[in-house]
*Asks:* 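First the structure, then my questions, so here it is.
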Amino acid sequence: MDRAASTEPTALFPVKHPPGQYVEIDGQRLHILVRGSGPTVVLCGGLGSNWFDWQDTVDILAAEHHVVVIDRPGFGLSDPLPAGATPTVRGEADRIIGVLDALGVTEPAVVAGHSIAGFYAEAVARLYPSRIRGVLLLDSSAESDPRRFIPAAVRVETAHLIAAVLTKTGLQQLVGPHVRRVLNQATPPDGTPQETFDWVDDIYRRPTYLAAALVEDVVYPDLTVELHRIRKQFRLDVPAIVAAAHTGRPSPWGKRWIKTQRKLAAYLRAEFTVVMPAHHHAMIDKPAEVAALIAELV
């Protein structure tokens with residue numbers, strides 16, 4: 001693979017200086033945030049997640065760890081995938097290894113995958129066991145019986161069409177950041193810098209971001225099937241923790257979700273724990289607890 005690292009972001013955003021740096025993996029320009037020194041920890045966010053969702057967890061971990069946050073293609077400040085390309089589990093696992101290679105990281109790393117990125121964290125540990133020290137699956141996706149009645153090509157084409165309509169009508173510009181606040185119920189802690197909220201307003205209004213989120217969402221069943229194929233071919237031989245987020249309020253949904261997460265942990269022979277009280281984006285609600293779980297795997 002052709003991988004090259006750049007320590008300075010390309011000057012595409014004149015209003016704000018982008019944090020972090022860019023790396024090029026097989027021609028794909030990715031935005032990453034790198035902090036601290038020590039054992040390497042890679043943080044991968046869920047569907048539509050961006051580097052700033054991890055910022056408080058990064059602040060804690062960077063005191064003793066080399067922390068790398070990856071924006072997947074189309075999210076954060078990363079370039080979108082080429083036209084016609086869609087996310088795959090193996091592709092995202094390869095991307096994680098590509099970033100480690102670009103940074104010159106040779107020792108095994110801990111990978112934390114939130115939500116759908118739990119697929120990618122588990123897969124990279126199965127596919128590259130010598131490169132991974134352990135995995136944290138944080139409120140991970142855990143689909144076991146996906147429905148795929150509509151062909152993937154149709155779903156993807158529809159996702160791009162919806163993104164184009166929402167962009168052309170101006171609806172994304174108008175409501176993008178507000179939709180984010182509805183979907184992400186986690187409460188930013190006191191002291192969150194204004195710059196973070198400015199980036200939320202920026203990123204969630206980008207057409208490439210909307211298209212990437214919709215496409216990853218519609219190919220979710222295909223990602224599930226692909227992960228199950230990988231599970232059948234490759235063992236999981238590294239320590240794993242499955243951490244479920246729970247608000248602490250009793251509800252049928254919450255009870256089912258904890259049961260699902262326990263089942264995932266049992267299947268993977270992983271340690272199981274609950275982060276509480278926390279919403280789905282537990283790294284925002286409980287950064288210290290999430291950082292401690294990651295540190296356990298180092």
Side-chain angles (χ1 to χ4, degrees), residues 43-49 53 70 72-75 81 85-96 111-127 132 135-159 162 183-186 212-236 238 240-247 251-275 278-283 290:
L43 307 179
C44 303
L47 176 67
S49 187
D53 293 326
I70 301 175
R72 288 195 299 286
F75 299 143
L81 288 171
T86 60
T88 66
V89 175
R90 183 179 283 271
E92 295 308 323
D94 289 346
R95 214 180 308 280
I96 292 170
V111 179
H114 167 249
S115 193
I116 198 171
F119 286 0
Y120 311 142
E122 180 186 339
V124 75
R126 290 180 183 273
L127 294 168
I132 306 302
V135 292
L136 171 68
L137 305 183
L138 180 61
D139 223 37
S140 177
S141 298
E143 180 63 65
S144 60
D145 186 22
R147 300 291 192 268
R148 296 192 296 173
F149 300 118
I150 301 174
V154 176
R155 284 182 269 126
V156 171
E157 183 178 356
T158 302
I162 293 173
L183 296 178
N184 184 348
Q185 295 297 311
L214 290 176
V215 167
E216 190 170 45
D217 185 43
V218 300
V219 299
Y220 176 83
D222 309 284
L223 298 174
T224 301
V225 171
E226 184 186 0
L227 177 61
H228 283 312
R229 287 200 302 265
I230 292 173
R231 284 171 169 172
K232 291 178 180 179
Q233 297 175 49
F234 301 93
R235 294 167 54 89
L236 181 64
V238 304
I241 298 175
V242 172
H246 194 283
T247 62
S251 68
W253 158 250
K255 186 176 181 180
R256 287 196 302 271
W257 183 242
I258 294 297
K259 183 178 179 180
T260 297
Q261 293 289 295
R262 283 188 183 277
K263 185 177 179 181
L264 175 62
Y267 173 76
L268 298 177
R269 296 193 175 109
E271 178 185 339
F272 176 75
T273 189
V274 178
V275 180
H279 297 88
H280 182 50
H281 288 73
M283 64 281 211
V290 172

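On a predicted model such as this, the values are computed, not experimentally measured, just so you know. What's counted below: heavy atoms across the whole structure, side chains too, no hydrogens, waters or symmetry copies.
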*Asks:* Of the non-hydrogen atoms in Arg126 and Leu236, which two are nearest, and what is the gap between them?
*Replies:* NH1-N, 3.4 Å
*Asks:* Quick check for you: to the nearest 0.5 Å, what is the distance between Glu271 atom CD and Leu137 atom CG?
*Replies:* 12.0 Å
*Asks:* For Ala93 and Val124, work out which heavy atoms get closest and say how close.
*Replies:* O-CG2, 3.6 Å
*Asks:* So His114 and His280, would you call those rings parallel, tilted or perpendicular, with 30° and 60° as cut-offs?
*Replies:* tilted
*Asks:* Under 3.5 Å, is there a donor-acceptor pair between the side chain of Glu226 and the main chain of Val89?
*Replies:* yes
*Asks:* Heavy atoms, side chains only, cut-off 4.5 Å: are Ile70 and Phe75 in contact?
*Replies:* no
*Asks:* By the definition side chain to side chain contact (heavy atoms under 4.5 Å, CB included), identify the one residue from Ile116, Leu47, Val219, Asp222 that meets it with Pro87.
*Replies:* Val219
*Asks:* With the side chain counted from C-beta on, respond yes when Thr88 and Asp94 share a heavy-atom pair under 4.5 Å apart, and no when they do not.
*Replies:* no
*Asks:* Would you say the side-chain atoms of Arg90 pair up with the backbone N or O of Ala123, donor to acceptor, closer than 3.5 Å?
*Replies:* no
*Asks:* Under a 4.5 Å cut-off applied to non-hydrogen side-chain atoms, are Leu264 and Phe272 in contact?
*Replies:* no
*Asks:* Indicate yes or no for a side-chain donor-acceptor contact from Arg256 to the backbone of Ser251 under 3.5 Å, with no hydrogens or angles considered.
*Replies:* no
*Asks:* For the CG atom of Leu227 and the CD atom of Glu122, what is their distance to the nearest 0.5 Å?
*Replies:* 4.5 Å
*Asks:* Determine the minimum heavy-atom distance between Arg155 and Pro221, stating which atoms define it.
*Replies:* NH1-CD, 4.1 Å
*Asks:* Can you find a heavy atom in the side chain of Arg231 that is under 4.5 Å from one in the side chain of Tyr267?
*Replies:* yes
*Asks:* What distance separates Leu223 CG from Ile230 CD1, expressed to the nearest 0.5 Å?
*Replies:* 9.5 Å
*Asks:* Taking all atoms of both residues into account, what is the closest heavy-atom pair of Thr260 and Ala142, and its distance?
*Replies:* CG2-CB, 3.7 Å
*Asks:* Just how far is it from atom CZ of Phe234 to atom CZ of Arg229, taken to the nearest 0.5 Å?
*Replies:* 11.5 Å
*Asks:* I'd like to check Leu268 versus Val135 (side-chain heavy atoms, cut-off strictly below 4.5 Å). Are they in contact?
*Replies:* no
*Asks:* Once you round to the nearest 0.5 Å, how far does CD1 of Ile96 lie from CG of Leu127?
*Replies:* 10.0 Å
*Asks:* For Pro73 and Ala212, work out which heavy atoms get closest and say how close.
*Replies:* O-CB, 3.8 Å
*Asks:* Is there side-chain contact between Val111 and Tyr120, with heavy atoms separated by less than 4.5 Å?
*Replies:* no
*Asks:* Does Thr158 reach the side chain of Val218, with side-chain heavy atoms less than 4.5 Å apart?
*Replies:* no
*Asks:* May I ask you to test the Cys44-Glu92 pair for a side-chain heavy-atom distance under 4.5 Å?
*Replies:* no
*Asks:* Which heavy atom in Ser140 sits nearest to a heavy atom in Gln261, and how many Å separate them?
*Replies:* O-NE2, 2.9 Å
